[in-house]
Protein chains: 2
Amino acid sequence: MVTRRAPPPRPGPCRLCPVRPLALFRPLSEAELDAIATTRSTVRLVRAGEAVLRRGEGANIVLTLFAGWAFAYRVLPDGRRQIGEIFLPGDLIGARGAASDPVEAVTDASLCVLSRVRLRAMLDNQPALAVSFAQLVARSNALLSERLASLGRRDAVQRVGALMLELAARQNAGVPPKDEDVPMPLRQTQLGDALGLSAEHVNRALATLRRERLLTLRSRTLRLHDPAALARLCGWDSAYLSEAPGV
Amino acid sequence: MVTRRAPPPRPGPCRLCPVRPLALFRPLSEAELDAIATTRSTVRLVRAGEAVLRRGEGANIVLTLFAGWAFAYRVLPDGRRQIGEIFLPGDLIGARGAASDPVEAVTDASLCVLSRVRLRAMLDNQPALAVSFAQLVARSNALLSERLASLGRRDAVQRVGALMLELAARQNAGVPPKDEDVPMPLRQTQLGDALGLSAEHVNRALATLRRERLLTLRSRTLRLHDPAALARLCGWDSAYLSEAPGV
DNA sequence: CGTCTTTTTGACTACTGTCAAGCGCTGTGG
DNA sequence: CCACAGCGCTTGACAGTAGTCAAAAAGACG
């Protein structure tokens with residue numbers, strides 16, 4: 001039973017936070033951080049498959065993903081689903097406020113919850129924080145633009161390859177590692193929903209990439225055998241991942 | 001020759017700016033605005049088809065579109081193009097900084113240019129401005145997510161319909177107007193590049209929508225005959241357009 | 001009016017989706 | 001420790017949507 005599994009790691013004191021360098025609060029000094037630690041309302045633990053943020057809930061809170069993966073999605077009236085942002089540790093969830101899409105956990109996950117009114121108060125007082133906030137959203141825009149290019153102008157094999165490169169790179173300081181095991185918890189159905197493909201076709205694309213000896217994806221683990229060749233095949237360039245200042 | 005055509009309107013004094021209610025500086029008082037007017041470095045005039053922002057130029061400047069339309073795009077190694085954000089008057093261009101995609105003018109356009117370092121200084125001093133900036137970036141995020149859903153999960157007719165609804169709504173305070181002429185300067189080739197379709201297929205989709213008496217698009221002018229029915233057909237909901245505070 | 005761009009239409013190709021069935025791993029219960 | 005149940009992954013056959021190529025019609029501009 002899922003309940004038996006070890007829970008995801010709980011966040012500790014903010015000033016020791018291992019994901020802070022990636023997250024909203026990176027520009028703050030330790031002293032400022034201590035102030036926030038008081039402010040941080042709660043921690044949220046979510047199991048794989050459960051809702052991290054429900055429709056509309058974003059009007060009240062913002063979360064920082066501490067451990068685990070999650071994704072935002074939208075369901076069209078005919079039932080088809082499109083996955084938008086894919087969140088990894090350090091990412092900010094719910095930045096769009098009331099207009100935020102619902103978010104679901106891919107793996108068991110733990111998150112730091114911030115009330116939106118408090119966040120707003122903090123942003124009003126700390127311009128550096130507001131700028132950091134904007135930068136995170138700007139980065140998210142860069143990722144969305146890249147995926148838009150995928151859905152619009154890449155075929156199935158290239159889409160799958162480009163997403164694997166991106167997710168591997170985001171777990172490896174921006175560089176897709178060669179011949180190393182990389183966690184890849186997304187199911188093929190979810191990959192399909194993220195890439196605008198059917199799950200079956202994702203499978204066929206993965207088979208092609210495996211046959212070409214470019215990558216292997218088995219039991220939630222990805223291995224890139226030749227990231228450079230894969231990037232060439234997919235027309236993928238890591239530039240959009242850079243932490244380039246949005247302002 | 002294009003040069004003969006009347007130039008686009010030049011922006012006047014900031015405090016009288018007609019697009020300010022939509023733009024970055026909306027939260028500022030008239031007094032604060034006067035300070036900025038001094039700061040505003042230049043105005044840029046661009047003709048239809050020319051570059052508004054070149055690759056990498058975003059590292060140095062940010063622009064506010066004053067008049068005309070523009071779009072950001074990305075070119076894949078095989079030459080295919082994907083249009084990302086579509087900019088209308090009041091929109092902020094280049095918010096992603098160095099990572100911004102190149103931007104091209106759809107029509108003749110005029111823009112207010114802000115040096116990035118000055119903008120940064122302003123944001124640091126005016127928290128309201130920093131929050132406004134973050135909100136604009138968050139709104140752009142919402143538009144990108146919606147288009148991602150289009151490319152991933154809507155068929156050609158729905159994609160074209162949804163984009164027409166969005167662009168009509170954005171020119172009409174968020175509501176797609178019924179039976180009114182709406183400017184729609186994008187060529188079918190550009191619509192295709194925005195929607196991940198070939199220009200020919202865009203044309204077929206438009207023909208279908210015309211046949212169904214849902215809309216007419218002729219000589220750069222769009223007319224929605226039944227926005228409600230069109231929205232139903234496309235699974236389109238205007239919620240994502242709302243100016244809902246991102247923070 | 002002549003030229004160039006944009007739009008339209010048609011025929012054919014190809015990629016991707018859908019439906020269906022079989023396989024396999026993982027975790028559960030005996 | 002082994003059989004079973006479920007979910008996820010694979011594979012195949014076929015259908016349908018969209019792309020490509022080609023050419024003509026319709027506008028836009030000088």
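In the text below, chain A, chain B and the rest are named by the order of the sequence lines, each starting its count at 1.
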Inset, instruction - Report the distance from atom CD of Glu200(A) to atom C1' of dC23(C), rounded to the nearest whole Å. - result: 15 Å
Inset, instruction - Take atom CG of Leu191(A) and atom C1' of dC9(D), then tell me their distance rounded to the nearest Å. - result: 12 Å
Inset, instruction - Using only heavy-atom distances, determine whether the side chains of Arg220(B) and Thr107(B) contain a donor-acceptor pair under 3.5 Å. - result: no
Inset, instruction - Mind calculating the distance between CZ (Arg187(A)) and P (dC9(D)) to the nearest angstrom? - result: 7 Å
Inset, instruction - May I have all residue pairs that pass salt bridge (Lys or Arg N to Asp or Glu O under 4.0 Å) and include part of residues 169-179 of chain A, sequence neighbours excluded? - result: Asp91(A)-Arg170(A), Glu166(A)-Arg170(A)
Legend entry - Comparing Asn203(B) and Ser198(A) on DNA chain C - which has the more 5′ nearest nucleotide: Asn203(B)
Legend entry - dT10(D) phosphate, OP1 or OP2, under 4.0 Å from Gln188(A) side-chain N/O: yes
Legend entry - Polar side-chain atom of Arg210(B) near backbone of Thr216(B) as donor-acceptor pair, under 3.5 Å: no
Inset, instruction - May I ask you to say whether Arg44(B) pairs ionically with Glu57(B), meaning some side-chain N is under 4.0 Å from a carboxylate O? - result: yes
Legend entry - Salt-bridge present (Arg74(B), Glu146(A); N to O < 4.0 Å): yes
Inset, instruction - Take atom CG of Leu186(A) and atom C1' of dC7(D), then tell me their distance rounded to the nearest Å. - result: 16 Å
Inset, instruction - Whole angstrom is fine here: how far is it from CD in Gln158(A) over to P in dT16(C)? - result: 9 Å
Inset, instruction - Using atom CD of Gln190(A) as one end and atom C1' of dG8(D) as the other, report the distance to the nearest whole Å. - result: 11 Å
Legend entry - Nucleotide nearest His201(A) when distance is taken to its side chain, options dT16(C), dA18(D), dT18(C): dT16(C)
Inset, instruction - Would you kindly check whether a donor in the side chain of Arg159(B) faces an acceptor in the base of dT17(D), or vice versa, at under 3.5 angstrom? - result: no
Legend entry - Earlier contact from the 5' end, DNA chain C, for Arg154(A) and Ser219(A): Arg154(A)
Legend entry - Arg210(A) side-chain N/O to dT10(D) phosphate OP1/OP2 under 4.0 Å: yes
Inset, instruction - Check every strand shown and say whether Gly196(B) touches a base, only sugar-phosphate, or nothing at a heavy-atom separation below 4.0 Å. - result: sugar-phosphate
Inset, instruction - Would you please confirm or rule out a distance under 4.0 Å between OP1 or OP2 of dT5(C) and any side-chain N or O of Arg220(B)? - result: no
Legend entry - Atom pair distance, as rounded to whole Å: CG in Leu217(B) and C1' in dA26(D): 15 Å
Inset, instruction - Looking at every strand, decide which applies to Leu197(B) at a 4.0 Å heavy-atom threshold: base, sugar-phosphate, or nothing. - result: sugar-phosphate
Legend entry - Nearest-angstrom distance from the residue atom CG of Asp155(B) to C1' of dG16(D): 11 Å
